[in-house]
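Here the structure is laid out as structure tokens; the discussion comes afterwards.
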Amino acid sequence: MKGNKSSSGFRAGNTEITNPSSSSSTGSSRLGVLISHLSVSPPHELHLHRQPSMASEKEAALAAVPSHSHTIFDKIINKEIPSNVVYEDDEVLAFRDIDPQAPTHILIIPKVKDGLIGLSKAEERHCEILGRLLYTAKLVAKQEGLEQGFRIVINDGPNGGQSVYHLHIHLLGGRQMNWPPG
Ligand code: AMP
């Protein structure tokens, strides 16, 4: 679900966000996701102003350039920008998606990217962290009370709809999911 209010969090890009502690945020633009790849700009320049909605999920993913550059998620890991963290340990961080597609929508990421800009870049050495991410998804699902079930999504590359090139698992729940996905 998309909306036009900036009620919480700190979206990637030129979007003003007022209450990073809320979990009910919706975002109006995927532009920020694209700009998140431009790590050269200081966070305050990237995040001060809301842009009108310009890009759909698909457009954002198609416009995103796969890159090993820092992304908005590095800023979240380093606490340079606020996020609504629901779980954290030495290896993994889980925080609420700023543009939730379900009542519960959490992103689970490795703190150290180690080349994992997407699942398609996984190598044998990543097996431990990949398992850790999935197991964390299960822990967070339980923590969030998703006893009725949930969905795990990993978007990969332009066709997969990936817009942030730092591997992440989407944990979605709190409503009936549909199949096939869009
Ligand atoms: P994907 O399109 O699979 O690469 O997912 C990237 C996700 O990151 C999207 O669902 C965005 O809504 C989300 N996102 C972008 N910036 C932020 C942010 N600052 N805080 C939380 N989620 C974000």
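Each ligand, and each atom within it, is numbered from 1 in the order the structure gives. Side chains are part of it too, since the values below use all heavy atoms of this structure and drop only hydrogens, waters and symmetry mates.
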So, 4.0 Å and heavy atoms of Lys75: is ligand 1 close enough to count as a contact? no

Whether the side chain of Glu80 engages the backbone of Lys75 through a donor-acceptor N/O pair (distance < 3.5 Å, no angle test) should be reported. no

In ligand 1, the atoms that come under 4.0 Å of a heavy atom of His168 are 1 (P), 3 (O), 4 (O), 5 (O), 6 (C)

Say whether, by atom type as modelled, one donor and one acceptor occur between the side chain of Lys142 and the main chain of Ala137 under 3.5 angstrom. no

Between His105 and ligand 1, is there a nitrogen or oxygen pair with a distance under 3.5 Å? no

Near Gln162 (heavy-atom distance under 4.0 Å), the atoms of ligand 1 are 4 (O)

Is there a side chain to side chain contact (heavy atoms under 4.5 Å, CB included) between Val153 and Ile169? Walk through the geometry before answering. CA-CA 6 Å; Val153 173; Ile169 292 179; over 6 Å; no

Parallel, tilted or perpendicular: rings of His170 and His105 (30°, 60°): tilted

Find all atoms of ligand 1 within a distance of less than 4.0 Å from any non-hydrogen atom belonging to Ile76, and give their numbers and elements. 18 (C), 19 (N), 20 (N)

Report yes if Leu107 has an N/O atom closer than 3.5 Å to an N/O atom of ligand 1; otherwise report no. no

So is His170 in contact with ligand 1, going by heavy-atom distances below 4.0 Å? yes

Would you confirm whether Glu144, through its side chain, and Leu139, through its main-chain N or O, come within 3.5 Å as a donor-acceptor pair? no

Taking only non-hydrogen atoms of Phe73, do any sit less than 4.0 angstrom from ligand 1? yes

Checking the N or O distance criterion of under 3.5 Å, is ligand 1 in contact with Gly161? yes

Here the atoms of ligand 1 under 4.0 Å from any heavy atom belonging to Asn155 are 1 (P), 3 (O)

Output yes when a side-chain donor or acceptor of Arg151 lies under 3.5 Å from a complementary backbone atom of Asn178, and no otherwise. yes

Out of Asp97, Val153, Ile81, Ile109, indicate the one that has the non-hydrogen atom closest to atom 11 (C) of ligand 1. Asp97

Does any N or O in the side chain of Lys113 come within less than 3.5 Å of the main-chain N or O of Tyr165, such that one atom is a donor and the other an acceptor? yes

With the threshold set at under 4.0 angstrom, would you say Ser83 reaches ligand 1 through any of its heavy atoms? no

Please confirm whether Asn84 comes under 4.0 Å of ligand 1, counting heavy atoms of the residue only. no

For Val164, is at least one N or O under 3.5 Å away from an N or O on ligand 1? yes

Could you tell me whether a side-chain N or O of His126 sits under 3.5 Å from a main-chain N or O of Asp114, the two making a donor and an acceptor? yes

Full working for side chain to side chain contact (heavy atoms under 4.5 Å, CB included) between Leu172 and Gln101: CA-CA 7 Å; Leu172 298 145; Gln101 304 301 308; 4.0 Å; yes

With heavy-atom distances below 4.0 Å as the criterion, list the atoms of ligand 1 near Arg96. 21 (C)

Numbering the atoms of ligand 1 from 1, which are under 4.0 Å from a heavy atom of Asp99? 12 (O)

